[in-house]
Amino acid sequence: MRMHSPIICICICICTCTCGAPRYMDGVFAAATAKDWPEDRMHREYINVPEAEAWVNQPFKLKLKRSGRTFDVPTDSKTTEVLAAAGLGNDVKRRDVLCGVCATGYDAALSGEVAHRDCVLSKKDRQNKVILCCSRLLKVGVELVLDL
């Protein structure tokens with residue numbers, strides 16, 4: 001009988017990834033913040049979509065930086081739907097702000113103010129990424145310029 005040596009995995013990670021009720025995760029984040037953990041090293045994973053504010057969707061323009069193509073995103077459509085209708089499929093898993101699969105880079109300097117409605121991105125990530133299935137622009141007449 002041949003003996004196999006055990007596989008040992010050692011992971012040293014200075015981060016926290018919490019999963020559970022929002023109140024529990026808030027407590028974990030408060031403790032981590034009190035110990036000066038960097039915000040971009042703290043991650044939440046929700047079981048269910050948390051209760052959200054009552055959002056008002058504004059129509060906006062979508063521009064693909066590399067090709068220059070532009071699209072209208074009406075109030076009743078998601079950016080992912082507009083891209084899919086144009087034959088530019090992008091990864092979408094759950095369509096409910098939780099997974100982050102559709103995270104895409106954007107040019108914040110050329111874009112209007114983004115309403116990040118996701119539960120995935122850190123404050124730092126939101127400076128150059130957007131979750132396409134749920135995020136929108138706050139004002140009419142401005143563009144979201146994607147790094148596509």
Side-chain angles (χ1 to χ4, degrees), residues 9-148:
C9 179
I10 299 173
C11 179
I12 300 173
C13 181
I14 302 174
C15 66
T16 181
C17 185
T18 60
C19 180
R23 208 167 120 192
Y24 164 76
M25 291 190 290
D26 289 345
V28 171
F29 273 50
T33 301
K35 296 290 184 185
D36 295 324
W37 285 36
E39 187 269 338
D40 63 331
R41 304 293 288 172
M42 296 186 280
H43 308 282
R44 297 176 188 249
E45 186 170 322
Y46 290 88
I47 297 169
N48 297 311
V49 176
E51 209 168 298
E53 297 177 37
W55 297 101
V56 175
N57 287 347
Q58 301 292 347
F60 64 94
K61 296 274 185 196
L62 177 66
K63 182 174 184 176
L64 306 185
K65 193 173 185 178
R66 294 180 200 156
S67 68
R69 291 179 68 184
T70 60
F71 305 93
D72 290 317
V73 181
T75 57
D76 61 346
S77 295
K78 297 177 180 186
T79 305
T80 51
E81 296 167 341
V82 170
L83 289 172
L88 302 168
N90 56 328
D91 289 336
V92 179
K93 186 176 177 184
R94 297 173 62 146
R95 299 175 193 252
D96 66 3
V97 311
L98 291 176
C99 71
V101 170
C102 62
T104 302
Y106 80 103
D107 189 323
L110 297 176
S111 298
E113 186 178 358
V114 176
H116 292 277
R117 300 177 180 178
D118 65 274
C119 306
V120 180
L121 297 178
S122 68
K123 287 179 188 173
K124 184 178 179 182
D125 287 339
R126 288 179 177 187
Q127 294 173 9
N128 60 8
K129 289 183 184 175
V130 63
I131 301 295
L132 296 179
C133 70
C134 61
S135 297
R136 301 191 65 88
L137 292 182
L138 290 173
K139 294 181 181 176
V140 178
V142 293
E143 289 182 325
L144 175 61
V145 181
L146 296 181
D147 292 333
L148 295 177

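With contacts defined as side-chain heavy-atom distances shorter than 4.5 Å, the pair Pro59/Val140 qualifies. Between Leu138 and Val114 the shortest side-chain heavy-atom distance does not fall below 4.5 Å. A 4.5 Å side-chain heavy-atom check between Leu62 and Leu83 finds at least one atom pair inside the cut-off. Taking 4.5 Å as the limit, every side-chain heavy atom of Asp125 sits out of range of all side-chain heavy atoms of Val120. Between Thr104 and Thr79, every side-chain heavy-atom pair lies at or beyond the 4.5 Å cut-off.
Atom CZ in Phe71 sits 12.0 Å away from atom CZ in Phe60 (nearest 0.5 Å). For the atom pair NZ (Lys65) and CG (Asp107), the distance works out to 3.5 Å, reported to the nearest 0.5 Å. Residue His116 holds its NE2 atom at 9.0 Å from CD1 of Ile131, rounded to the nearest 0.5 Å. For the atom pair CD (Glu39) and OG (Ser122), the distance works out to 5.0 Å, reported to the nearest 0.5 Å. With rounding to the nearest 0.5 angstrom, the OG1 atom of Thr80 is 12.5 Å from the CG atom of Leu88. Distance check: Asn57 CG to Lys78 NZ gives 9.5 Å after rounding to the nearest 0.5 Å.
No donor-acceptor pair closer than 3.5 Å links the side chain of Ser77 to the backbone N or O of Val73.
Closest approach of Cys102 to Cys133, counting heavy atoms only: SG-N, 3.3 Å. Contact between Leu137 and Gly112 at its shortest, heavy atoms only, is CD2-O, 3.5 Å.
Within the structure, no pair that satisfies the side chain to side chain donor-acceptor pair (under 3.5 Å) test touches residues 134-148, not counting sequence neighbours. Sorted by first and then second residue, the pairs that involve residues 66-75 and meet side chain to side chain donor-acceptor pair (under 3.5 Å), not counting sequence neighbours, are Lys61-Asp72.
Every residue meeting the salt bridge (charged side-chain N to carboxylate O under 4.0 Å, His left out) condition with Arg126, not counting sequence neighbours, appears here in chain and number order: Asp118.
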